[in-house]
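Quick caveat, the model's predicted, so the values are computed rather than measured. When reading the values below, keep in mind they use all heavy atoms of this one structure, side chains included, and skip hydrogens, waters and symmetry mates.
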Amino acid sequence: ASREITSSIVIVRPIEDVFAVLTNVENTGKWFPGNVKEWWTSPSPHGVGSTRRARIKMGLMTTENDAVATAYEPPHRAVMKGTSKNAPFTATLEFEPADGGTRVTATTEMFLRGPARLFGGMFARWYGKSWDQGMIKLKAMMESGEL
């Protein structure tokens with residue numbers, strides 16, 4: 001079973017800037033809600049084949065997962081695929097010029113197997129809301145020049 005979550009927003013900054021900020025996993029913790037930290041586990045320059053690790057804290061639970069960049073096409077598209085058993089996902093970021101700025105569309109497809117399917121819907125809703133809130137924060141930070 002797979003679930004797809006999509007979130008989109010227009011940020012009034014050049015497409016190259018928005019692409020650079022969003023595809024650097026080390027920025028994620030600054031704008032994504034909750035206790036999320038991501039870092040590169042492969043040397044720069046980053047592109048196809050680069051790997052990253054994420055640590056997510058939800059209450060008393062801490063979980064980590066790894067992912068690899070499977071597409072990197074500046075400034076239009078970047079794709080990350082989860083490589084850990086506990087995080088079977090593909091995350092696609094798409095960028096296009098729009099309304100004096102850049103439209104970002106983030107689509108995450110989760111492949112839920114076994115017990116994960118039971119709480120998958122709940123997690124997908126939480127994750128979707130987090131992306132929506134995160135995009136609003138990212139827009140504010142980028143438009144104010146903070147990021």
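A pairwise comparison of heavy atoms in K85 and P88 identifies O-CD, 3.7 Å as the closest pair. Minimum interatomic distance between S130 and F32 (heavy atoms only, all atoms of both residues): CB-CZ, 3.7 Å. For the pair S7 and M135, the tightest heavy-atom approach, listed with the atom from each and the gap, is O-CE, 3.4 Å. The minimum heavy-atom distance linking A78 with T23 is given by the pair CB-CG2, 3.7 Å. Pairing each heavy atom of N27 with each of L147, the nearest pair is OD1-CD2, 3.9 Å. Heavy-atom minimum distance, S8 versus R103: OG-NH1, 2.9 Å.
No side-chain N or O of T92 forms a donor-acceptor pair with one of T107 less than 3.5 Å apart. No side-chain N or O of R52 forms a donor-acceptor pair with one of N24 less than 3.5 Å apart. In this model, a donor atom of one side chain and an acceptor atom of the other lie less than 3.5 Å apart for S2 and E109.
We find the NE2-OH distance between H46 and Y72 to be 9.5 Å, quoted to the nearest 0.5 Å. Expressed to the nearest 0.5 Å, how far CZ of R77 lies from CZ of F19 amounts to 10.5 Å. In this structure, CH2 on W131 lies 6.0 Å from OG1 on T108, to the nearest 0.5 angstrom. Taken to the nearest 0.5 Å, the CG atom of L22 stands 7.5 Å off from the OG1 atom of T28. A distance of 7.5 Å separates CE of M80 from CD of E38, quoted to the nearest 0.5 Å. The OG1 atom of T90 sits 10.0 Å away from the CD atom of E4 when rounded to the nearest 0.5 Å.
For F89 and Y127, the distance between ring centers is not under 6.0 angstrom.
When atom types are taken as modelled, the side chain of T62 and the backbone of K57 share no donor-acceptor pair closer than 3.5 angstrom. At least one donor-acceptor pair closer than 3.5 Å links the side chain of S84 to the backbone N or O of D66.
Hydrophobic clustering, with ILVMFWY side chains joined whenever heavy atoms are under 4.5 angstrom apart, keeps V79 apart from F95. By the rule that hydrophobic residues join a cluster once side-chain heavy atoms approach within less than 4.5 Å of another member, W126 and I136 end up as members of one cluster.
Taking the side chain as every heavy atom from C-beta outward, M142 and V21 approach each other to under 4.5 Å. At least one side-chain heavy atom of I56 sits less than 4.5 Å from a side-chain heavy atom of N65. Counting heavy atoms from C-beta outward, V48 and T70 have side chains that stay 4.5 Å or more apart.
Around the CE atom of M61, the shell of radius 6.0 Å holds more than 12 heavy atoms that belong to other residues, nucleotides or ligands.
The side-chain contact (heavy atoms from CB on, under 4.5 Å) test with T102 singles out one residue from V10, I15, V12, and that residue is I15.
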- [ ] Might you work through the side-chain contact (heavy atoms from CB on, under 4.5 Å) test for L93 and T105, ending with a clear yes or no?
- [x] CA-CA 6 Å; L93 292 170; T105 304; over 6 Å; no
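The existence of a salt bridge linking R13 and E143 is excluded, since no basic side-chain nitrogen approaches an acidic carboxylate oxygen closer than 4.0 Å.
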